[in-house]
Amino acid sequence: MTTANTEVQYANAEQLLAAIQPASGGTEVHDPATGELVGRVAEGTAADLDAAVESARAAQPGWDALGHEERKRLLNAAADAIEANAEALAELLSREQGKPLNGPNARFEVGGAVGWLRAATAYEVEPEVVVDDGQTLAVKHYRALGVVGAIGPWNWPMMISIWQLAPSLRMGNTVVMKPSEYTPLSVVALVHVINQVLPQGVLHVVPGGREVGEKLSSHPQIAKIMFTGSTRTGKAIIRSSADTVKRLTLELGGNDAGVVLPDVDPAAVAEDLFWGAFINTGQTCAALKRLYVPEAIYDQVCDALVEVAGKMPMGVGLEEQNVLGPLQNKAQYDIVADLVQDAVDSGARVLLGANPDGQATGYFYPTTLVADIDPQNRLVTEEQFGPALPIVKVKDVQEAIELANSLEVGLGASVWSADKAKAQEVAAQLQAGTVWINSHGTIDPRVPFGGAKQSGYGLEFGLDGLKSLAQPQIIKS
Ligand code: NAD
C-alpha cells in the first residue's frame with residue numbers, strides 16, 4: 001500500500017482551509033457567531049459516493065492485511081499529525097461550529113480527538129477460546145467487516161468522527177464518512193490531516209446532505225453504519241439499511257436526567273452541575289437536560305446554579321475569554337427559543353436568561369435557568385439541545401426516579417449525593433446507558449458508552465467498541 005506520509009503543518013485555519021477548499025464553486029459555510037463566511041465545501045454527488053465506496057472497498061483487503069501492529073502505528077502517526085495541526089484545527093472548528101476555543105470546547109475537542117484515536121490502539125483484540133474440552137475446540141475470532149459508513153452530527157464534529165473512524169480502521173475496515181451539512185469543513189479538514197499518514201483509499205469523506213446519508217445507509221457495499229445523530233434519523237437509517245442487513249451502531253438523542261439527593265452541598269456541586277448541562281452550550285448528546293431537586297434544598301441549588309452560570313462568558317469563539325458560544329444553526333436556535341417560551345407561557349419562573357436580544361448578530365441564546373416548572377412541560381420532556389436547563393422540584397427521590405424514567409430516551413443520567421452507596425442504589429433504578437455519580441457526561445475512552453431505550457444501541461469506546469467494528473467468526477474443530 002502507498003502511504004502519502006507527507007509531514008504537513010498548517011499554521012492557522014486559513015492555511016488549512018486553502019488546502020481543503022475547491023478551486024471554485026462549492027457551498028458556502030458561515031460562522032454561526034458572526035455570520036461571516038468561513039469557507040466553501042465541495043458537496044459530494046451520488047457518483048462521488050459510489051467512487052469513494054469503490055475505492056474503500058478496493059483498499060480494504062490490503063489495509064486488513066497490514067495487521068494490528070502496523071495499523072496501530074499508523075493510527076498513532078495520525079494522532080501525531082492532528083497534534084501537529086491542533087491549533088489550526090481548533091480555530092477552524094470554532095469558526096464553523098461556533099464553540100469557543102477555550103473551556104470544554106474547540107481545543108478540548110481536538111485534544112479529545114487525539115486521545116480517542118490513541119485509545120483505539122491501546123487494546124489487544126485476541127481470539128477467544130470458547131470451548132476446549134479435549135474433544136471440541138471452538139475459538140472466536142474478530143474479523144474485519146469491510147467498508148464502514150460513518151454519518152455524524154454537527155455538535156462535536158471532529159471528536160465524534162474519530163469515535164467512528166478510529167475503531168473501524170483499527171479493526172481492518174476502511175471508512176467512508178458523511179459529515180453533517182452544518183459542519184462539513186471540520187470533518188474534511190480532520191480527514192485531510194489524517195490522510196497525510198494513512199495509505200490511499202482507506203479513509204474517505206463525502207460531504208453532503210440527507211440524500212448522501214440515505215444513499216450511504218442503503219449502499220450494498222457498506223457492511224456497517226456508525227451513526228450519531230437524532231432518534232428520528234436513526235429510525236430512518238434502520239429502515240434504509242434493512243434490505244442489506246447492515247450492522248448498526250446508533251448513538252441517538254437523549255434527554256438526560258440529573259437526580260439530586262437531599263444530602264448534597266449545593267455550593268460544592270454547582271459548578272459540576274453547570275458544566276454537566278452547559279458543556280458545548282448545551283449542544284451535547286449526553287448533557288444534563290433536566291434536573292430533579294428535592295424541596296428541602298431546592299432554593300439553595302437554584303441559587304448556587306445562578307451564581308455559577310451568571311459568571312460564564314458567552315461570545316464569539318475566537319475571543320479567548322469566552323467559554324459559551326452560539327447555537328450552531330438557526331433551526332436549533334428556534335427549537336431552544338420555542339421551548340423556553342413555552343415554559344415561560346406556562347408560568348414557570350426564569351431564574352436567569354431567556355429574553356434573547358432579537359437584534360444581536362449570531363445565534364446567541366442566553367444562558368437560561370428555569371425553576372418551578374411543571375414536570376410535563378415541553379422544556380422538560382423534549383430535548384432542548386441548547387443553553388436552557390429546567391429545574392424541577394420533587395417531593396422525594398422516588399418521584400425523581402419515576403420522572404427520570406418516564407421518557408422514551410435513556411442515554412445518560414446522573415445522581416448527586418455525598419453518600420456514594422446511596423447514589424449507586426439510585427443509579428441502579430435509572431433507565432440509562434450510563435449513570436454518572438457526582439458528575440454528568442464525563443465520558444472516557446476506556447469506558448463503554450451507549451444508549452438505552454430510544455437513545456440507540458451498540459457500544460462505543462474501549463474493547464467493547466473495537467469488537468463492535470468486527471465480524472465475530474467461530475472456528476470449531
Ligand atoms: P440529525 O439526525 O439531524 O443529523 C445527523 C446526520 O444524519 C447528518 O449528517 C445528516 O445529514 C444525516 N441524515 C439526515 N437524514 C438522514 C437520513 N434519512 N439517512 C441518513 N442520514 C441522514 O442530527 P443532528 O441535528 O446533526 O445532531 C443532533 C442530535 O444528535 C441530537 O438529538 C443529539 O442528542 C444527537 N447526538 C447523539 C450523540 C450520542 O452519542 N448519542 C452524540 C451527539 C449527538
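All ligand and atom numbering here is 1-based and tracks the order in the structure. In this chain, residues are counted from 1 in sequence order.
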Heavy-atom nearest neighbour in the protein, as seen from [atom], with distance rounded to 0.1 Å:
atom                    : result
atom 41 (N) of ligand 1 : Leu252 O, 2.8 Å
atom 8 (C) of ligand 1  : Gly152 O, 3.2 Å
atom 12 (C) of ligand 1 : Ile151 CG2, 3.7 Å
atom 33 (C) of ligand 1 : Phe385 CE1, 3.3 Å
atom 38 (C) of ligand 1 : Cys285 CB, 2.8 Å
atom 20 (C) of ligand 1 : Gly213 C, 3.2 Å
atom 24 (P) of ligand 1 : Trp154 NE1, 3.5 Å
atom 40 (O) of ligand 1 : Glu251 CB, 3.2 Å

Do any heavy atoms of [X] fall under 4.0 Å from ligand 1?
X      : value
Trp156 : no
Gly451 : no
Ser180 : yes

Ionic contact status for Lys72 with Glu124, cut-off 4.0 Å: yes
Lys/Arg N to Asp/Glu carboxylate O, Arg40 vs Glu43, below 4.0 Å: no
Aromatic ring pairing Trp436/His440, orientation class (parallel under 30°, perpendicular over 60°, tilted between):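 The rings of Trp436 and His440 sit tilted, inter-plane angle from 30° to 60°.
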Shortest non-hydrogen contact from [X] to [Y]?
X      : Y      : answer
Leu288 : Ala257 : CD1-C, 3.8 Å
Ala19  : Tyr10  : CB-OH, 3.4 Å
Thr434 : Phe449 : OG1-CD1, 3.8 Å

Is there any N or O on [X] that sits under 3.5 Å from an N or O of ligand 1?
X      : value
Glu181 : yes
Trp163 : no
Asn155 : no
Ile160 : no
Thr233 : yes
Ser230 : yes

Closer than 4.0 Å to some heavy atom of [X] - which atoms of ligand 1 meet that?
X      : answer
Ala236 : 18 (N)
Pro179 : 9 (O)
Gly254 : 34 (O)

[atom1] of [X]: more than 12 outside heavy atoms within 6.0 angstrom?
X      : atom1 : value
Tyr363 : OH    : no
Glu271 : CD    : no
Asp243 : CG    : no

Record the part of [X] in heavy-atom contact with ligand 1 below 4.0 Å; permitted values are side chain, backbone, both and neither.
X      : result
Phe449 : side chain
Ile237 : side chain
Leu411 : side chain
Ala286 : neither
Glu383 : side chain

I'd like to check [X] versus [Y] (side-chain heavy atoms, cut-off strictly below 4.5 Å). Are they in contact?
X      : Y      : result
Ile335 : Phe385 : no
Gln328 : Gln97  : yes
Ser168 : Leu469 : yes
Val340 : Tyr365 : yes

Between Gln454 and Thr231, a side-chain donor and acceptor under 3.5 Å: no
Donor + acceptor pair across side chains of Lys224, Thr249 (<3.5 Å): yes
